[in-house]
Amino acid sequence: MPKEPVAVVGIGQTKHVSARRDVSIAGLVREAAVHALEDAGLTWTDIDAVVIGKAPDFFEGLMMPELYLADALGAVGKPMLRVHTAGSVGGSTALVAANLVSARVHRTVLTLAFEKQSESNAMWGLSLPIPFQQPLLAGAGGFFAPHVRAYMRRTGAPETVGSLVAYKDRRNALKNPYAHIHDPDITLEKVQSAPMLWDPIRYSETCPSSDGACAMILTDRAGADRSPHPPAWVHGGAMRSEPTLFAGKDFVSPQAGKDCAAEVYRQAGIGDPRREIDAVEMYVPFSWYEPMWLENLGFADEGEGWKLTESGVTELDGDLPVNPSGGVLSTNPIGASGMIRFAEAALQVRGQAGEHQVAGARKALGHAYGGGAQFFSMWLVGAEPPTR
Amino acid sequence: MRDVAIVAFAQTDHLRRTDELSEVEMLMPVLHQVLDATGLRARDIGFTCSGSSDYLAGRAFSFTMALDGVGAHPPISESHVEMDGAWALYEAWVKIQTGEADTALVYSYGKSSPGEVRDVLTRQLDPYYVGPLWPDSVALAALQTQALIDAGDTDEAALAAIATRSRAAAADNPHARIAGPVPAGEYVVQPLRTGDCPPVGDGAAAVILAAGDSARALCPRPAWIRGIDHRIEAHSLGVRELTESPSTRLAAEHAGVFERPVDTAELHAPFTSQEVVLRKALGLDGSVTVNPSGGALAANPVMAAGLIRLGEAAARIHRGESDRALAHATSGPCLQQNLVAVLEGESAHA
C-alpha cells in the first residue's frame, strides 16, 4: 500500500528573543501551537496526536518535559511522543510526526519543538563533568572550529567567505519578523572586525542563544483539501546517524549527511538538486557551515561550495537562496532550530514567507544536524502533491 | 496495517550497581544477543530507535555515546526518544508501517545507581510549582496508594500479596534483581513499605521487530503486534482521579485488548498499588497470568522497564507459553502516560 501523502497546513512560531520572561515554558509552547492551529483553521479537538522535541533536558532543568506540557498542548487523552536527537531534533521530530500520517496511524498531528534557554545555562548543561570522558569545555564553537579550518585548508577558500554568510543571514533576518537578531546597522566591515572567538570563527559568525518555539500541523490528503491556505507537501524525508568519533570520520563532509540528502532526493525524484531546488533552509550555526553543507548536500562539487557563496548564488535574490529566514545564525532556540528550518522551507513553497519570500519557490529543502556533526535530518517540501 | 512482530528480545541481568560498566558496555551484550538470535547484523537493520534519559546519565546527549555500541558506520537510519524504550518500539513500529523499513532494532538502558533516582525523578514535575518542593516518586506513589485504600480498592495486606506473588514469580527469571520470599519491610512512605516499592538498579534491553515474511524467517514463532497505542493524562495530580487510569483504558481499547481475552499480562507497575489501578483499567481477572517475569517489582531499570514488559510478553509467545498477551509500559508520576500492546502467536489467529 503506498504511503499517505503528508501536507503541512499550519505553521506557528514565537518571536524569538534571548529571554521570554513574560511566559512559562508551557506558555511559550502554547503560543506557537495556537499560531499553527489558527493558520490551519483547526482547533485542539482536530489534533489526533502530539510529537514534541527539544535538545537536552538539562537546558531547562526539566526531565522529560512532555509530561508537564501535556496539558498546555492539548494532549490529554491523546498519544504524545518525545523525540531527542541532539541538534537535529527539530527536524527529526517533524519526521516522526510525518511518519504517523504517512503510515495512516493518525490523520492530523501537531508537532512542536522548543528551547527556553533563559531558564538555565546552556554552557553548564553541556559541560557536566563525566568520569573518563572528554568534557566539551570549549563549547560547540570550540568543537567545530578545527573542522572549519580543515575545510579552508582542503578547498583553498579565502578567509572572507564566512563573513559573507553572516552578513547575508543577518540581513535576511531583518525581513523575518520572528528572527531573534535584528541589527539594522549591520555592515560587512562590522562582521569582519568582530572579535575572534575560536579561530577562524568570529563572534559575529556564531549563533545566538534564543528562547522560542515552532509548531506545525501535519495532515493527510483529506485534511489538506480542507486547509484554508495552500499546503506544503512532503516529497521526501530521512534521518541518518553516525558516531561522534571514529577513525576515518570526515568531519568536513560527514557520510551520514551525504547519505541522508541522497535518500531524500531519491524519495523526491530530485536528480540535480542545484537546478531543481528553489530555496534551502540549512542548519548553519557557524557561518562556514554554509559552504561546507552546500557540498555535503550535493549543491556543489567537493571544494566548490565557497564559490557559490562568494558569487552571491546563496543571497536572497540569488539563484539558490540559502537561509532566507536568517537561519540559525540569527535565531537559535536549539531544540526548535531544526524544526524552524523545516517550517521555513514549507513557508517558502506555500508562498507565505512574507518579506523573505523567494519568488516562485516550488521546492525547498529543510536541513538539520546535531551532535558532533553526526545526526542528520532533512525533508524536501513542494507546492504540489507528490506524484510518486 | 502491516503485520509486525517482535522476533528477538534480550535483557541484562539487573544489578544494584554497575560502576565498572559504561552505558555502552552495559548495552553491547544485549545488542549482540538479539542480533545473534536473528542472524542479522547492524547493517541489515532497516531502522534503529532507542529510549533513554539524559537525567539518569547525568549528562547532556548521553544517547550519542550509546549509539557507538551499535557500530553505526556506514551511517544508519536512526532515531531516539527521551522516554522509556517502549515508546522507541512504538516509533519503530510506525516506521515499519510507512514501508520504509522491514526490520528495526530497538534498545533502551538506564543506570539509576550513580544518583538518587527518587530525587532525579522529581525533575519531571512542573518546574515552577511542584518541582521546587522535591516530592519524590515514592511519596507520590504513596499518595496514590492512600487514595486507593480510602476508596476501598485495596488494603496493605492485599498489596503485600502482590509483592509476594511478583517476587515468587521472579524466582524463574534469571535476570531479576530481587526474587523469592521478601519481607514486607518497614514503611518507606506510609502506606508503602519496602516490599511495595521497586528495587533501584541498572539494566538494558533490546528487541528486534520485523514485518511479515521477514519475521517468519527470523523467528519460529513471532510475537505479532496486533495493536499498540499510548495515551497521556494531565500532569497535575490535583486534576487526576488517582484511583483510575483512563489513559491505560483508552490505549487498551485502541490496541484491541478487549476484542478477545488475553492469557498473559506484563504490567509496568513499579509500585504494588499501581497493579491494582492497572488491573481495574484493563479488566484483568484471576484467569490472566500477571507479571510472570516478576515485573518491575523484581527489576526496575528506569527507561528500560517498559520495553522489558514488551520483551517478556513476546518471549512467552516465542516459547509457546502464551497465545495472546498484553504488554504495558508507563511513564511519569502516578501512571501519567501509558502504552498498551497486544501480542499474539500465529496459532491464536487460526
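Computed over heavy atoms, backbone and side chain alike; hydrogens, waters and symmetry mates excluded. Residue numbers begin at 1 in each chain, while the letters A, B, ... track the order of the sequences.
Considering only heavy-atom pairs separated by less than 4.5 Å from chain A, the leading option among Arg123(B), Glu82(B), His254(B) is Glu82(B). For chain A, the option among Asp229(B), Leu67(B), Val70(B), Ile76(B) with the highest count of heavy-atom pairs below 4.5 Å is Ile76(B). Between chain B and the residues Ala86(A), Gly371(A), Ala72(A), Ser377(A), the most heavy-atom pairs under 4.5 angstrom are made by Ala86(A). Most heavy-atom pairs under 4.5 Å with chain B: of the set Leu67(A), Thr93(A), Val51(A), this distinction falls to Leu67(A). Of the listed residues (Leu125(B), Ile232(B), Val239(B)), the one with the most heavy-atom contacts under 4.5 Å to chain A is Ile232(B).
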Give the C-alpha distance, both sets of side-chain angles, the deciding distance and a yes or no for side chain to side chain contact (heavy atoms under 4.5 Å, CB included) between His230(B) and Leu81(A). CA-CA 9 Å; His230(B) 59 98; Leu81(A) 271 172; 4.0 Å; yes
Evaluate side chain to side chain contact (heavy atoms under 4.5 Å, CB included) for Val83(A) paired with His80(B), printing each intermediate quantity in order. CA-CA 6 Å; Val83(A) 180; His80(B) 172 258; over 6 Å; no
Test log, rule side chain to side chain contact (heavy atoms under 4.5 Å, CB included), inputs Val105(A) and Trp93(B): CA-CA 10 Å; Val105(A) 174; Trp93(B) 174 82; 3.9 Å; yes
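Only the side chain of Ser53(B) comes within less than 4.5 Å of a heavy atom in chain A; its backbone stays farther off. For Glu233(B), the part sitting under 4.5 Å from any heavy atom of chain A is the backbone (N, CA, C, O) and nothing else. Neither the backbone nor the side chain of Phe47(B) comes within contact range of chain A, judged by heavy atoms closer than 4.5 Å. For Val120(B), the parts lying under 4.5 angstrom from a heavy atom of chain A are both the backbone and the side chain. When heavy atoms are compared at a cutoff of 4.5 Å, Ser52(B) does not approach chain A at all. Only the side chain of Gln336(B) comes within contact range of chain A, judged by heavy atoms closer than 4.5 Å. With a 4.5 Å cut-off on non-hydrogen atoms, Gln337(B) touches chain A through its side chain but not through its backbone. Of the two parts of Tyr128(B), only the side chain, counted from C-beta on, holds a non-hydrogen atom closer than 4.5 Å to a non-hydrogen atom of chain A.
Between Phe61(B) and Phe58(A), the ring centre distance reaches or exceeds 6.0 Å.
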